[in-house]
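Only one structure is covered here, and it is reproduced in the block below.
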Amino acid sequence: MSRTHLIRLTVNRVPRQVEVTPRHMLLDLLRDDLGLTGTKACCLVGECGACTVSLDGRIVNSCLVLAVEADGAEVTTIEGLATDGHLTRLQQAFLDEGAVQCGYCTPGQVMAARDLLAHNPHPTTAEIREGLAGNLCRCSCYAQIIAAVSAAAAEEEK
Amino acid sequence: MTTMRPDTAQRPGPDTEQRVAGGVGDSPVRPDGTLKVKGEFAFSSDLWADDMLWGATLRSPHPRARIRGIDITGAVALPGVFAVLTHEDVPGAKTYGLEIRDQPVLAIGEVRYAGEPVAIVAADHPETARRAVARIAVDYEVLPPVVDADAALDPRSAQVHDRGNLLRHVPVRRGDPAVPAEVVVTGEYEVGMQDQAFLGPESGLAVPAEDGGVDLYVATQWLHVDQDQIAGCLGLPTSLVRLTLAGVGGAFGAREDLSMQVHACLLARHTGKPVKMVYGREESFYGHVHRHPARLRYEHGATRDGRLVYVRARIVLDGGAYASSSTAVCGNAATLGIGPYDVPNVVMDAYVAYTNNPPCGAMRGFGTVQACFAYESQMDKLAAAVGLHPVEVRLRNALTTGDRMPTGQLVEGPAPVAELLRRVRDAPDPPPRGTDPRLLPGGVSNTTHGESVVRGVGYAIGIKNVGFSEGFDDFATARVRLELVGGEPAVLVHSAAAEVGQGLVTVQAQIARTELGIAQVTVATADTTVGSAGSSSASRQTYLSGGAVRAACRAVRAALLARSGLPDARLVDGAAVSPAGEVPLVELLRAGPVEETVEWRHRPTSPLHPATGQGDAHVQYAFAAHRATVDVDTELGLVRVVELSTAQDVGRAVNPQAVQGQIQGGSAQGLGLALMEEIQVVDGLIRNPSFTDYLIPTILDMPPMRVEVLELADPYSPYGLRGVGEPPTISSTPAIVAAIRAATGKALARVPVRPEHITEGPQWTD
């Protein structure tokens, strides 16, 4: 086995120390070392967005980020959104609008949509489409996802 | 032929349905939804057990080869490796299969497709397992593969198996095979190999049990057919092979066959430890069956005013190396292969052949998708030949209630083919093309500012059978328990029906609410401790498992009312009510729970006559129509689908939100086949096993949809419902291609349509 590195990072507001090998991806760290399996392994080449997480305030495909690159970083995963069991408006909107079917892409969709709304609180449909273009949904709830993001944005406005 | 009477006991009515929120017709939030949006839902790839090992698979790099020897010593010697197994270690049946048990658990003496499992490894880390796989040395004698289905049917072809390459031939004959016609149009069409491309990879966890059995947690479409095959291969009674459904990340047909199930169980039993297997994306492309590629030759004869006189067709499906569900796919292609049209004279021959290509089997639409592309292309050709609007020629031939299919089967219940066509024809047009380059073909690639962009509109309609056909004894089992929980009545529904994303858990709960009038319903995790529910495929599960849940609820209700001792009692607002008195449900349940398990069947179907294809093969037909509007860049061959308008009869929308989900999703997969989705197989090798090269529609590819849902009750089915999942996939593909033809005048006899077909392909009239 190859040499490991001790890295320190904050995941969902909790400080963590993890021994990682140089070739391990952030995705492996989250899923295998920390047991945060909400972040999904899917295409493994940065095409599908199922592994989307927030890294220092920017969303990344965690299958393309080396774990060592996250040393010192602040990471938010899907498990870090709901507080005290209360869903965020966006999560609730995904449920209400029927934007969840098999649900495998859902964590990535929600993370990408959250990032979109953080930068653009009132996106147009076209902007939602562009913002989520990196997240595949094979059940193809795309119309429902657009409705969910729009609903969450409208809710935000109230 | 036996004429079946509508089962009046199954009909909906105010005397049996309870009005309660979250019942049939509502769209309650799905019970697994909260976990899914929080990232806490356990998919099969998320499972974990202390002390577990990781499995990995060595696959053949050759589509056809003899195996001279396998040397596992290098792999066994690697620290951390607990087991390296080959076919010699399979204790029971060495082969399995849905219809024909022709597929080896691990290759025996030869490999028949590139990607075929040869050996399996269990190790303490996934990387160790992969390294061990790389250390297994297989001595192959490479043989020339059979890679073309038509060539495979030539008697001089090399044989993939020793019983000939013809897997099934289904002839259908109706009327006069030699009748002439005033107008004749012919065409040859081709459909590429589509992949289900579910996002959650094949995966599961096998745990050895102290009783000598094994517990498997797995993502599948049909727990009991997995159980039967696994038990056979392990040499165990089925009672010692227990399956529990793990979270399923999409299915679309690709989980009807086994993938890692037997392998994980073998490794777990061999090592005495839990074994997890998860395929990577590339391996997933080798790990499941695909949609059959097809070549289809059609001849349509009609009168000058566009009425069909005959259809003659020959369909050749490439089944790949193993049978999977190919024979049933072929049956569908043959029996539904002329479309939802009333045609007096039919000569149809559908064939499926073994080749050394990747095995093909179930995918949404199941044999009808390929045929629909061909017969709808033909209908457009006919419309042009007789000078009619494409919808008008379809209306003149539209199947309707009381007509007969080419199989001789009477079409009972609503068959709103003409109505669906009129709905999509009359839908408002999408807005005209704007100037925003992002909304032009090529999108953000900024390849045009509108020059050479032409708009086209196309139509198509399809037909699909719901449920398993040709005499298959199709049934579903459901257990319903009504009891007091915390002093309040609560219902537990338990079945083996696989929730694959479609929303079956929601629907089961809705039916229980409607039948029992109780809001508190829990749907237990599907497993094999209850009888088979059949497959979550063929658009059948709401019909079949829905029917079973309803029947079990009614049995519970009857038992409960009997407990009341009241004559002619009915369940009204949480009480047994009769003219003689009233007893609250809570009181009745104090004596203990009421539990009923029911095995429920739909009307029987019959096999097809082997020479004529005559027979009442299908239990229910479902229909959907699409209108596609496209913008095409004729210089670059790029297409943007501007809008899809669809109309579908669902009999009854048990869950309107889930119906929308199915229609949107199915239409998108049809769009994928029309424009982008094809597994490129060259000399038996998959050249694009990744989402970089196998393209599925993104949110930018999927246009806004206009969806019209008709609810014309089927008198035979629970609540009048009709299977929903597959029809949208069938007609969206030909509608999009028809729209591109309308814009470009190109022939486009093959899907997916590639840019060069548009820029350099022959004209439609050539």
Side-chain angles (χ1 to χ4, degrees), chain A residues 1 21 23 31-32 35-48 50 77-82 85 87-88 90-107 110-111 125-126 128-146, chain B residues 27 29-30 32-43 45-46 48 125-127 196-201 247-252 278 280-282 436 438-439 444 499-503 657-658 660-662 664-669 671 690-692 696-702 704-705:
Chain A
M1 288 302 233
T21 66
R23 66 183 177 283
R31 287 182 57 85
D32 298 342
L36 294 170
T37 55
T39 302
K40 295 298 170 215
C42 180
C43 76
L44 308 176
V45 291
E47 295 285 355
C48 76
T77 72
I78 186 72
E79 290 95 339
L81 300 196
L87 300 181
T88 64
L90 186 60
Q91 288 171 313
Q92 187 63 47
F94 265 67
L95 282 187
D96 295 340
E97 298 294 335
V100 179
Q101 289 190 46
C102 91
Y104 202 80
C105 73
T106 303
V110 170
M111 292 306 294
T125 299
I128 294 171
R129 284 175 179 271
E130 279 188 39
L132 298 180
N135 292 79
L136 296 177
C137 173
R138 187 53 161 169
C139 304
S140 213
C141 310
Y142 293 131
Q144 295 87 333
I145 290 169
I146 292 167
Chain B
S27 299
V29 166
R30 43 185 311 149
D32 56 5
T34 302
L35 289 176
K36 285 179 174 177
V37 296
K38 290 166 80 176
E40 292 172 3
F41 183 78
F43 288 91
S45 50
D46 299 331
W48 198 272
H125 192 279
E127 287 178 8
Q196 301 85 349
F198 48 57
L199 297 193
V248 183
F252 316 116
V278 183
R281 181 54 50 191
E282 179 175 353
D436 185 344
R438 291 174 301 179
L439 300 179
V444 291
E499 165 63 54
V500 297
Q502 80 279 48
Q657 192 178 65
Q660 285 286 333
Q662 289 299 308
Q664 295 267 353
S667 299
Q669 291 182 0
L671 181 150
S690 78
F691 284 164
T692 306
I696 65 178
T698 70
I699 198 167
L700 289 174
D701 298 308
M702 196 51 198
M705 282 192 68

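Below, chains carry the letters A, B, ... as their sequence lines are ordered, and counting in each starts from 1. For the numbers below, each heavy atom of this structure counts, side chains included, while hydrogens, waters and symmetry mates do not.
- In this structure, chain B has a heavy atom under 4.5 Å from the side chain of Gln144(A), while its backbone stays farther away.
- With a 4.5 Å cut-off on non-hydrogen atoms, Ala99(A) does not touch chain B at all.
- Between Arg138(A) and Pro697(B), some side-chain heavy-atom pair lies under the 4.5 Å cut-off.
- Heavy-atom distances place the backbone of Glu97(A), and not its side chain, under 4.5 Å from chain B.
- Minimum interatomic distance between Lys40(A) and Phe41(B) (heavy atoms only, all atoms of both residues): NZ-O, 4.2 Å.
- Under the 4.5 Å side-chain criterion, counting only non-hydrogen atoms from C-beta, Pro201(B) is in contact with Tyr104(A).
- Most heavy-atom pairs under 4.5 Å with chain A, from the set Phe198(B), Trp48(B), Phe43(B): that is Phe43(B).
- Defined by atom type and a distance below 3.5 Å, a donor-acceptor pair is missing between the side-chain atoms of Gln664(B) and Ser140(A).
- When all heavy atoms of Leu199(B) and Cys42(A) are compared, the closest pair comes out as O-SG, 3.3 Å.
- Proximity to chain B (any heavy atom under 4.5 Å) is restricted, for Ala82(A), to the side chain, taken from C-beta onward.
- Note on Cys102(A), Gly38(A), Cys105(A), Gly103(A): by heavy-atom pairs under 4.5 Å with chain B, the leading option is Cys102(A).
- Asp96(A) is linked by a salt bridge (Lys or Arg N to Asp or Glu O under 4.0 Å) to nothing, counting only residues two or more places apart in sequence or in another chain.
- Take Gln502(B) and apply the side-chain hydrogen bond (donor to acceptor under 3.5 Å, both in side chains) test, not counting sequence neighbours, and it matches no residue.
- Note that the NZ atom of Lys38(B) and the OG1 atom of Thr88(A) stand 11.0 Å from one another [nearest 0.5 Å].
- The candidate with the highest count of non-hydrogen atom pairs below 4.5 Å against chain B, out of Ala143(A), Cys43(A), Pro107(A), Cys137(A), is Cys43(A).
- Comparing Val45(A), Leu81(A), Leu87(A) by how many heavy-atom pairs each has under 4.5 Å with chain B, the most go to Leu87(A).
- Comparing Gly503(B), Gly666(B), Ala197(B), Gly33(B) by heavy-atom pairs within less than 4.5 Å of chain A, the highest count is held by Ala197(B).
- Among Gly249(B), Ala251(B), Ala42(B), Ser667(B), the residue making the largest number of heavy-atom pairs under 4.5 Å with chain A is Gly249(B).
- In this structure, CG on Leu700(B) lies 9.0 Å from OH on Tyr142(A), to the nearest 0.5 angstrom.
- Remark: side-chain polar atoms of Arg129(A) are paired, donor with acceptor, to backbone N or O of Ile699(B) under 3.5 angstrom.
- Using a 4.5 Å cut-off between heavy atoms, Asn135(A) makes no contact with chain B at all.
- Looking at Ile146(A), the atoms closer than 4.5 Å to chain B (heavy atoms on both sides) all sit in the side chain, from C-beta outward.
- At a threshold of 4.5 Å between non-hydrogen side-chain atoms, the residues Leu95(A) and Thr34(B) count as touching.
- Per-residue heavy-atom pair counts under 4.5 Å with chain A were compared for Glu40(B), Gln662(B), Glu282(B), Arg438(B), and the maximum is reached by Arg438(B).
- Interface remark: Pro126(B) contributes no atoms to any contact with chain A (heavy atom separation under 4.5 Å).
- Considering only heavy atoms from C-beta on, Gln101(A) stays 4.5 Å or farther from Lys36(B) through its side chain.
- Using a 4.5 Å cut-off between heavy atoms, Gln196(B) touches chain A through its backbone atoms (N, CA, C, O) alone.
- A heavy-atom distance below 4.5 Å is found between the side chains of Phe252(B) and Cys139(A).
- The shortest side-chain heavy-atom distance between Arg281(B) and Glu47(A) does not fall under the 4.5 Å cut-off.
- No side-chain heavy atom of Gln92(A) sits less than 4.5 Å from a side-chain heavy atom of Val37(B).
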